[in-house]
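So the structure is just underneath, and the comments pick up after that.
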Amino acid sequence: MMFPSRRPHLLATGAAVTTVLLWASAFVSIRSAGDAYSPGALALGRLFSGVIALGVLCLIRREGPPPRAAWRGIAVSGLLWFGVYMVVLNWGEQQVDAGTAALVVNIGPILIALLGARLLGDAMPPQLLAGMAVSFAGAVTVGLSMSGGGGSSVLGVVLCLLAAVAYAGGVVAQKPALGSASALQVTTYGCLVGAVVCLPFTGQLVQQVSDAPLSATLNMVYLGVFPTALAFTTWAYALARTTASRMGATTYAVPALVVLMSWVVLGEVPGLLTLVGGVLCLAGVAVSRSRAAAAAAPQPAKLSDSV
């Protein structure tokens, strides 16, 4: 039997776990769809699929538009995270090797912690900082060990850095919006804003969808329905109940899960260095989400449990 006082915590933890699992699964789908779709077309197709799925869910749950107070945060997070981030990340990872991408993109959670402390008043306990440092080292180790030895361009590094900044800015902007709107509202309208931002890629999407293999298109739809519509909603649900810094640190579990899924689904047996990096990622997340770190963080305002 679940104690009432523990129920919100367990639901938020389950939502965070669902998010990182689905974001890790996106790795396999992006690799498949990315061979047939350009970065902008893939982002638009993913967001369009996500908007449809979220729209249906809103109709089922009879969720109306978010209140006016939430629109600023939704618009900024939709522009930065759903729009800019998805396009430049797809593009940047085509220009750099895996090690460079891991180094640059995984600056994102660190930026979230810094911006969260500066703009949201998030606490930065030693356990959180130590855990993020360990996880960052693990993420870079995974990236370097899985790198195929490809080169890195200045453009690729800049794009990955822009992706990290857009991700951090989007998360920090989203947090206040969750104070007056539900997770489903924030995710749905943020995804819609991102889709509008990506509309200039409509021509590419229409042209490429006719030539792409069915498997690539299905993977694009999967990205929109699960790692976008579902995972971003569970992310927002969990974010409403903790600090942006701790949620950002949680995403360091993704590289470790990618290693495991690549092993199971793609048959890519990880080397010793890759396994060590994955263990470091998980260990850092455990430290950053320890009770001591949680106790040092301010308790968020109580919101509705509905997503």
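None of these values were measured; they are calculated from a predicted model.
With contacts defined as side-chain heavy-atom distances shorter than 4.5 Å, the pair Leu178/Arg241 does not qualify. Put simply, the side chain of Asn106 does not reach to within 4.5 Å of the side chain of Val140, judged on heavy atoms. Side chains of Val158 and Val88 form no contact here, defined as non-hydrogen atoms less than 4.5 Å apart. For the pair Ser49 and Thr228, the minimum side-chain heavy-atom distance is 4.5 Å or more. In this structure, the side chains of Phe48 and Val51 stay at 4.5 Å or more apart for every pair of heavy atoms. Between Leu230 and Thr234 the shortest side-chain heavy-atom distance falls below 4.5 Å. Side chains of Tyr85 and Leu80 form no contact here, defined as non-hydrogen atoms less than 4.5 Å apart.
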Between Thr251 and Tyr167, is a side-chain hydrogen bond (donor to acceptor under 3.5 Å, both in side chains) present by the stated rule, with each step listed? CA-CA 12 Å; Thr251 62; Tyr167 162 48; 3.3 Å; yes
Going through the checks in order, is the side-chain hydrogen bond (donor to acceptor under 3.5 Å, both in side chains) test met by Ser25 and Tyr222? CA-CA 10 Å; Ser25 76; Tyr222 169 83; 2.7 Å; yes
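Although no hydrogens or angles enter the test, the distance criterion places a donor-acceptor pair under 3.5 Å between the side chain of Ser135 and the main chain of Cys281. With Thr233 contributing its side chain and Thr187 its backbone, the two residues share no donor-acceptor pair below 3.5 Å. Between the Gln185 side chain and the Gly64 main chain, a donor and an acceptor come within less than 3.5 Å of each other.
A search for side chain to side chain donor-acceptor pair (under 3.5 Å) contacts involving Ser245 returns Asp122, not counting sequence neighbours. Thr217 meets the side chain to side chain contact (heavy atoms under 4.5 Å, CB included) test with Tyr37, Val209, Ala212, Met220; sequence neighbours excluded. Partners of Trp235 by side chain to side chain donor-acceptor pair (under 3.5 Å), not counting sequence neighbours, listed by chain and number: Gln174. With sequence neighbours left out, Pro126 forms a side chain to side chain contact (heavy atoms under 4.5 Å, CB included) with no residue at all. Applying the side chain to side chain donor-acceptor pair (under 3.5 Å) test to Tyr252 and every residue at least two apart in sequence or in another chain returns nothing.
Aromatic pair Phe232/Trp23: centroids less than 6.0 angstrom apart.
Rounding to the nearest 0.5 Å places OG1 of Thr250 at 9.5 Å from CE of Met132. For the atom pair Leu59 CG and Leu54 CG, the distance stands at 11.0 Å (nearest 0.5 Å). If you take OG on Ser77 and CZ on Arg72, they are separated by 12.5 Å, rounding to the nearest 0.5 Å. Put simply, CG on Leu192 and CG on Leu47 are 10.0 Å apart, with the number rounded to the nearest 0.5 Å. To the nearest 0.5 Å, atom OG1 of residue Thr188 and atom CG of residue Leu57 are 7.0 Å apart. Taking CG of Leu260 as the start and CG of Leu21 as the end, the distance is 9.5 Å to the nearest 0.5 Å.
Screening residues 202-212 for side-chain hydrogen bond (donor to acceptor under 3.5 Å, both in side chains), with sequence neighbours left out, gives Ser38-Gln204, Ser38-Gln208.
Both Val20 and Ile112 are members of a single hydrophobic cluster when ILVMFWY side chains are connected at heavy-atom separations under 4.5 Å.
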